[in-house]
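Beneath this line is the structure, given in structure tokens, with notes to follow.
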2 protein chains.
Amino acid sequence: MAVTIRDVAREAQVSVATVSRALSSPDLVRPATRERVLTAAAQLGYQPNRAARGLITGRTGNMGIVVPDLNNPFFTGVLKGVQARARQADYAVFVADSDEDRATEEQLVRAMAKQVDGVIVCSPGIDDTQLYEAAGITSLVMLNRRLRGVPAALMNSASGMRQVVDHLVALGHRKLVYLNGPRTSWSNRERRRGLRLATQQHGVELIELGPFPPRYEGGLQACDLALATKSTAIMAYNDIMALGVLARLRDRGIGVPGDVSVTGFDDLMFAELCSPPLTTVAMPLATAGSLAVDLLLDGLNSDSAEVRHVDLDTQLIVRATTSPPPA
Amino acid sequence: MAVTIRDVAREAQVSVATVSRALSSPDLVRPATRERVLTAAAQLGYQPNRAARGLITGRTGNMGIVVPDLNNPFFTGVLKGVQARARQADYAVFVADSDEDRATEEQLVRAMAKQVDGVIVCSPGIDDTQLYEAAGITSLVMLNRRLRGVPAALMNSASGMRQVVDHLVALGHRKLVYLNGPRTSWSNRERRRGLRLATQQHGVELIELGPFPPRYEGGLQACDLALATKSTAIMAYNDIMALGVLARLRDRGIGVPGDVSVTGFDDLMFAELCSPPLTTVAMPLATAGSLAVDLLLDGLNSDSAEVRHVDLDTQLIVRATTSPPPA
DNA sequence: AAACATGACGAAAACGTTTACATCTTTTTG
DNA sequence: CAAAAAGATGTAAACGTTTTCGTCATGTTT
């Protein structure tokens, strides 16, 4: 049915070995024969069977990515970058959604392991020991999470938070409140770290609340607590929570940014579209995904044991939810 | 390195053939030996090499899905369903993002073809001839698009639009305006079809504008044109456009739903979160994805040539952007 | 009890590649 | 110009499975 290397060999009047060589290491055959093979292959529409190749080379030409939730734009942003870069490198991408469940997460990596050369893991939740175990089965690259001995593409949340604080302090705010996301999340820890450092250096007061679920409802819930602190600016763990905060403030008739300033984190699509448009921190999602692929491929090709981490800058996006505090 | 079927065979003191049988067609071996093999496999952590299996069976155990844009929540909703159902069936999912480009689209299918048993195509844009060509290479299932001879999972947009019109007419609206999405999109054609039928039956006036780009900016642009028609209700092609309409209305100081009603389509996350919350039509995205997988698998297993289509109901979600027209 | 069907299992071929090795041809070297 | 080196190509083994076929033991029918 499908056209195999044998058909090409027959057509080009050479052995299968020569065909294989002409295609994968062209400098091993005479230009004339290479030409002959290439035209034969093109004419027959030959596409090498990757499974067969993988069987002998040990390389599959596939990679996997596991994310907690495909409905979360954060992860799909990353996925988009991964997918694009992988295609450039002639790799195909398996995707798996763990539904935020840690148990399935490791199981997914394990299931993929046989079919991929490596897996990119975007899981804030899953714990270290499980990850190390997974790392034993196949090569891993972490996304937005630091793990000793495993390469990672990181987005500098701490720096983003510093930019937020700089911005708010410059506007004249002196008392800030932060709404924590999940305790176990690496991102939340990083954001907090940047926050503490920055507020300390500026000598302004920081109040922390939470943790809250990193969702719209979490924002609704947190909002009233935040207002009770008499802070002039509310910094949410992420955009979705910020959206909840904005909704609750509107319901209570509190003006944004007139009465209180609000910031998010992630710069998801709707941050620009909501009203008022949200001041937030843009994450280089696609870039991170793309770089994660590079890290994976580097790790496969160079057998040096060095573990690389790349650190990407985040960028404060000032929109309309921040202004000087009320006089 | 990896544990192979041979290792299991040695451990269980049987031949490789028996191991294979014990695992894939258990009724061909004696219960006692099966037991022995199974424990050996479990003990060694054996996972069959799917590439090797695929080489001989012709089945890869993989499927692909190609979408125009992974950042569009519509497609990720589908993807989530696909992914979940595929996993249940012990299939892995390749994902490819065509970046809305028709040329790459067919190329992607072609590249996947060798590695998958079938591909799910969610492409409103790509033209029929390309699809038929692709269908020649591997089995296809269409998502939310009808194509002769190819199975499809469809969401009944027309019925959704009928529900919208019923709702608006019941509220007392007599002059409606529809903002078209892309002309070539199957979804838009379906929505229009439902719309025309419903308005005709109710004997109310329908004005159509556009096509507009199905984005936020498209909504901004369309809004002023829509207002100029003096209609009392604006129906957007999708939620994102509706969001643009809402923003523009707010800018112009026009009250929603007091002065004019607005509806979207798709029920994306932010339809619930925007303000006022958007009346829209919910699409069973995940269900459609899940069913698309079923169709694909059915087509592979039964060799009957019947081409199945499944048609899913959509559901009007009434929120706060619709009310009786101003007196 | 002989003939036969049945069931359980092993040996080996096959799937489509890549690659180590062997063979043959060409070029370089002394 | 002979010998050696280098270059081009073919042969065959290997990768990890599934599956056909054959063998052998077991149970069933006459």
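Source: prediction; values computed, not measured. Computed over heavy atoms, backbone and side chain alike; hydrogens, waters and symmetry mates excluded.
The side chain of A/Ala17 approaches C/dT19 more closely than any other nucleotide in the set C/dT19, C/dC9, C/dT17. For A/Arg21, whose side chain is taken as the heavy atoms from C-beta onward, the closest listed nucleotide among C/dT17, C/dC21, C/dG10 is C/dC21. In the set C/dG10, C/dT18, C/dA12, C/dA12 carries the atom at the smallest distance from any side-chain atom of B/Val16.
Nearest-nucleotide mapping onto DNA chain C: of B/Val19 and A/Ile56, the residue sitting toward the 5' end is B/Val19. Mapping B/Arg53 and A/Arg34 onto DNA chain D by nearest heavy atom places A/Arg34 closer to the 5' end of the strand.
Counting non-hydrogen atoms under 4.0 angstrom, B/Ser20 reaches a base of the nucleic acid.
Annotation: the span from A/Ser157 atom OG to A/Asp311 atom CG amounts to 9.5 Å, rounded to 0.5 Å.
Note: CZ (A/Arg50) to C1' (C/dT18) measures 15 Å, nearest angstrom. Atoms CG (A/Asn49) and P (C/dA14) sit 18 Å apart, rounded to a whole Å. When the C1' atom of C/dA11 is taken as reference, atom CZ of B/Arg10 falls 17 Å away, rounded to whole Å. Atom pair B/Arg6:CZ and C/dA12:C1' shows a separation of 11 Å (rounding to whole Å applied). For the pair B/Arg30 CZ and C/dG10 C1', the computed distance is 14 Å after rounding to whole Å.
Note on A/Lys80 versus B/Asp99: salt bridge recorded, some NZ/NE/NH1/NH2 to OD/OE distance being below 4.0 Å. Contact check on B/Arg21 versus B/Asp27 returns no salt bridge, with no Lys/Arg side-chain nitrogen under 4.0 Å from an Asp/Glu carboxylate oxygen. Salt bridge A/Glu35/A/Arg30: absent, no basic N to carboxylate O contact under 4.0 Å. With respect to the salt-bridge test (charged N to carboxylate O, under 4.0 angstrom), the residues A/Arg102 and A/Glu106 do not qualify.
Note on B/Thr18: a side-chain N or O is less than 4.0 Å away from OP1 or OP2 of C/dG10.
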Verdict with supporting geometry, B/Arg50 and B/Thr60, side chain to side chain contact (heavy atoms under 4.5 Å, CB included): CA-CA 7 Å; B/Arg50 306 182 79 143; B/Thr60 61; over 6 Å; no
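Read 5' to 3', the first and last nucleotides of DNA chain D with an atom closer than 4.0 Å to a heavy atom of chain B are D/dG16 to D/dT20.
The closest donor-acceptor contact from the side chain of B/Asp97 to the backbone of B/Leu70 lies under 3.5 Å.
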